[in-house]
Peer 1: 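One structure, as structure tokens, below. Some questions next.
Chain identifiers are assigned alphabetically (A, B, ...) following the order of the sequence lines, protein sequences preceding nucleic acid strands; residue numbering begins at 1 within each chain. All values below were derived from every heavy atom in this structure, side-chain atoms included, with hydrogens, water molecules and symmetry-related copies excluded.
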Protein chains: 4
Amino acid sequence: MARQRLSSTERRAQIAEAALRLLAERGARGLTAAALGAEVGLKDASLFKHFSDMGAIVAAAVDRFEAWLTDSLDRPEAEPLARLGGFFVHRQALLRARPEILRLAFDDRLVEAAAPTDRDRVRAILARSRALILDCLTAARAAGAVRADVPLEALQWTVMGAMRGAALHPDPPPPDAVWADILTLISPPDGDDR
Amino acid sequence: MARQRLSSTERRAQIAEAALRLLAERGARGLTAAALGAEVGLKDASLFKHFSDMGAIVAAAVDRFEAWLTDSLDRPEAEPLARLGGFFVHRQALLRARPEILRLAFDDRLVEAAAPTDRDRVRAILARSRALILDCLTAARAAGAVRADVPLEALQWTVMGAMRGAALHPDPPPPDAVWADILTLISPPDGDDR
Amino acid sequence: MARQRLSSTERRAQIAEAALRLLAERGARGLTAAALGAEVGLKDASLFKHFSDMGAIVAAAVDRFEAWLTDSLDRPEAEPLARLGGFFVHRQALLRARPEILRLAFDDRLVEAAAPTDRDRVRAILARSRALILDCLTAARAAGAVRADVPLEALQWTVMGAMRGAALHPDPPPPDAVWADILTLISPPDGDDR
Amino acid sequence: MARQRLSSTERRAQIAEAALRLLAERGARGLTAAALGAEVGLKDASLFKHFSDMGAIVAAAVDRFEAWLTDSLDRPEAEPLARLGGFFVHRQALLRARPEILRLAFDDRLVEAAAPTDRDRVRAILARSRALILDCLTAARAAGAVRADVPLEALQWTVMGAMRGAALHPDPPPPDAVWADILTLISPPDGDDR
DNA sequence: CATGAATGAGCTTTCATTCAT
DNA sequence: AATGAATGAAAGCTCATTCAT
């Protein structure tokens, strides 16, 4: 196999991405320099020409993870439930496009591999999604757009449960159909309309 | 401190439990023979007097995990929603009693540590809980006890989302209150009562 | 070759001593875990059962070095030149008994291998010998026992030069003969006797 | 900073000199291609455009060392003690001008870094200085210019001890003052003048 | 002339495991 | 039943060196 020569910028991106993949597929113990090297067609030693150590690689992987999960499409100005729906559908699409990688969003594998500093970053990234959901629901409730007979947190869990359930589903349903069902669940019960 | 000499049976149990704890607290990379030995007051070498190798230890840990998650209190004969409520409340109690250990139920840490065989067993254990929920909901719908305007899976995700959300909550609400909220969410909308 | 089993205490001593030897014979770059292991009949990995890391090994080697160079025979109460002569002869004997190891006393090889903390310790050990010499000479001068026509330091250099020269000599002369010559050199010139 | 492009000859000299400096300051383990490159403003790989390998670099450093220690000022025709005094003062000046580098003269650091061949060269270089001293002393004794009551070697050690002591002195005394003291020490004792 | 990318060999260290006591 | 000493394999990382640009 001809020795691949890539620019350092490309390599760094490639390595970070491969690290995320390995982490998702084989867990923290599967993320070794040798395995990572094999993944990108390098020897283990060569990795350290691009990153100072494994910690830096994980940090770059966390950056990458953050980039994926930072929802550029989020429109804060929108009507709260529309905003939440947009987030939900967009995030579902993401989770399906990168199933191996984004499964990391649902457990602590990335947290486990990371050094304390990055650990907090990962937690913060995940917390942001939860906060966005809760924000939208809070605003929606103020506008009477969601049911008032259960605590907001119950609604948040419903949304997050659906997110997770649909993403991990072996035969995932269309995101907007799922969102429609969520809407049905969290909307004020019928009688209120009258 | 006098060297502790325990019967083999006790030791095996103690080690398996400690393995679960380590796995939950420090992840797959934190489960080393030395750490595990320290946890139970043995030297690493002594572990292998009780188990043939680390794989066997993880297998025993999976047994233990299965024992915890096998709900002895489940009463199949009960009315479906009552059965589901009983399961929910009981499981919540369990998750709070063993927070460190049972966090394993929510991610793939145990899967990661396990050899392929045990991996499937863990998946099966987790699948059983999901199946129980779905069973109850299916029966309940047949009896008209849950809303019919969303797919059963949406209801399942709602229950599981609440289970997870409540268990991971920093200041967990009383299980029966959570269950009451879930009931509200999954019950048929108001108008149907007439 | 039958696997040698030694008590940890013995091993530690053996390893520390071998480290000194390697350092003296092959220099800082020759002191590798593998080489050291070979020297004592162990695999490199086994060394770390007895010492936490290479730093600890070097530290133990410095201890050993210190023990050799700490002159238990020194008698502060003696007449200064007798005390210095005793030191000189005793130290010469030592340097010949352990030529490989004690060559370390004459250059910075040990300093180079050591971590900053131990580095200072080595310097202190070497400084002690120099101080002892200077002390004796100072006292001797006060008693008119050494010549007064050159600075004390010049006398100190004479003693130290002879120490080094005699120790490194391919065919080393008897220590007391050397000492006699030094005495001749540093004594007050003839005329004083009258 | 614009990439420095130097002629090969200049580079070789620069690198050899930097190697000596590194060796003196950081020891054999501090002489790495990367460190050496940094010292001269090159990348490690670029060093090997000028030298075939590290061995060649050390060899060039030994050349350099030899050049420094080859005393162009030595005048064999002079009166022996004058010749020795000239050597002493000149060498002292050298040691002070290049303290970092010439400290190499006093221990085996350079020997340690060198391959066997160069090792012998270094030893030969150092032996030359010793031989010069002994030659002068031998001639001086034949002329009755030095004391006859101690072996020549003792006088040689005195000179060398002073050389070393003065060079390593934290606050070095003027070379000719030191030489005067040496003269005092090695001259025939008073009474002989009559 | 100089560099950036890559490598193989070797280093320190960790880890699961074996064996004699 | 438990340990202390030892090991082989593999991990993370450094280093001299090669090669294409």
Side-chain angles (χ1 to χ4, degrees), chain A residues 2-11 29 31-37 40-55 57, chain B residues 2-8 10-11 29 31-37 40-57, chain C residues 2-11 29 31-37 40-55 57, chain D residues 2-8 10-11 29 31-37 40-57:
Chain A
R3 231 181 249 182
Q4 277 277 88
R5 280 179 72 93
L6 263 67
S7 84
S8 199
T9 320
E10 290 169 297
R11 275 287 189 225
R29 278 208 326 211
L31 180 64
T32 71
L36 189 48
V40 299
L42 288 181
K43 298 295 173 187
D44 51 357
S46 303
L47 294 176
F48 301 102
K49 288 285 172 180
H50 302 284
F51 290 95
S52 62
D53 54 21
M54 285 301 276
I57 293 182
Chain B
R3 240 181 243 178
Q4 279 276 92
R5 285 177 80 97
L6 265 65
S7 82
S8 199
E10 289 170 299
R11 274 289 190 221
R29 270 166 51 174
L31 179 63
T32 70
L36 188 48
V40 299
L42 289 181
K43 297 293 172 186
D44 49 0
S46 304
L47 294 176
F48 302 100
K49 295 287 169 184
H50 302 283
F51 292 95
S52 64
D53 56 20
M54 285 298 279
I57 293 181
Chain C
R3 234 181 245 182
Q4 277 276 89
R5 280 180 72 93
L6 263 67
S7 85
S8 200
T9 321
E10 289 168 299
R11 274 288 190 224
R29 278 206 329 211
L31 180 64
T32 71
L36 190 47
V40 299
L42 289 181
K43 297 293 172 187
D44 49 1
S46 304
L47 294 176
F48 301 100
K49 290 283 172 182
H50 302 285
F51 291 95
S52 62
D53 53 24
M54 285 299 276
I57 293 181
Chain D
R3 238 181 242 178
Q4 280 276 91
R5 286 178 82 97
L6 264 65
S7 83
S8 199
E10 289 170 299
R11 274 289 191 221
R29 268 164 55 172
L31 179 64
T32 70
L36 189 48
V40 299
L42 289 181
K43 297 293 172 186
D44 48 0
S46 305
L47 294 175
F48 301 100
K49 294 290 168 182
H50 301 282
F51 291 95
S52 63
D53 55 21
M54 286 297 280
I57 293 182

Peer 1: Starting from the 5' end of DNA chain E, give me the residue, A:Leu42 or D:Leu47, whose nearest nucleotide shows up first.
Peer 2: D:Leu47

Peer 1: Need to verify one output field. Residue with the more 5' nearest nucleotide on DNA chain F, B:Ala45 or A:Met54?
Peer 2: B:Ala45

Peer 1: If the cut-off is 4.0 Å, is B:Arg29 near the phosphate of E:dT14, judged by side-chain N/O to OP1 or OP2?
Peer 2: no

Peer 1: Name the one of B:Asp44, B:Leu42, B:Leu31 that satisfies side chain to side chain contact (heavy atoms under 4.5 Å, CB included) with B:Leu36?
Peer 2: B:Leu31

Peer 1: 5'-most contact on DNA chain E: B:Ala34 or D:Ser46, nearest heavy atom basis?
Peer 2: D:Ser46

Peer 1: Quickly work out the D:Phe48 CZ to E:dT7 C1' distance and round it to whole Å.
Peer 2: 14 Å

Peer 1: With sugar-phosphate meaning primed atoms plus P, OP1 and OP2, does B:Leu36 contact a base, only sugar-phosphate, or nothing at under 4.0 Å between heavy atoms?
Peer 2: nothing

Peer 1: Under 4.0 Å, heavy atoms only, any strand: does A:Thr32 hit a base, just the sugar-phosphate, or nothing?
Peer 2: sugar-phosphate

Peer 1: How many whole angstroms separate atom CZ of D:Phe51 from atom P of E:dA2?
Peer 2: 12 Å

Peer 1: Within the structure shown, what part of the strands sits under 4.0 Å from C:Ile57 by heavy-atom distance: base, sugar-phosphate, or nothing?
Peer 2: nothing

Peer 1: Using Watson-Crick or G-U wobble geometry with both distances under 3.5 Å, which nucleotide pairs with E:dT18?
Peer 2: F:dA5

Peer 1: Think D:Ser8 has a side-chain N or O under 4.0 angstrom from the OP1 or OP2 of E:dC1?
Peer 2: yes

Peer 1: Measure from CZ on A:Arg5 to C1' on E:dA5 and round the result to the nearest Å.
Peer 2: 4 Å

Peer 1: Specify the closest pair of heavy atoms between B:Val40 and B:Arg11, including all atoms of both residues, with the distance to one decimal.
Peer 2: O-NH1, 3.3 Å

Peer 1: If you assign each of D:Ser52 and B:Asp44 to its closest nucleotide in DNA chain F, which residue comes earlier from the 5' end?
Peer 2: B:Asp44

Peer 1: About how many Å separate NZ of B:Lys49 and OG of B:Ser8, when rounded to the nearest 0.5 Å?
Peer 2: 11.5 Å

Peer 1: So, is B:His50 close to the F:dA2 phosphate, meaning a side-chain N or O under 4.0 Å from OP1 or OP2?
Peer 2: yes

Peer 1: What is the distance, to the nearest angstrom, from the NZ atom on A:Lys43 to the P atom on E:dG8?
Peer 2: 5 Å

Peer 1: How long is the line joining CG of C:Asp53 and C1' of F:dA11, in whole Å?
Peer 2: 17 Å

Peer 1: What distance do A:Arg5 atom CZ and A:Glu10 atom CD have between them, rounded to the nearest 0.5 Å?
Peer 2: 12.0 Å

Peer 1: Applying a 4.0 Å non-hydrogen cut-off, can you work out what B:Lys49 is touching in the nucleic acid: base, sugar-phosphate, or nothing?
Peer 2: base

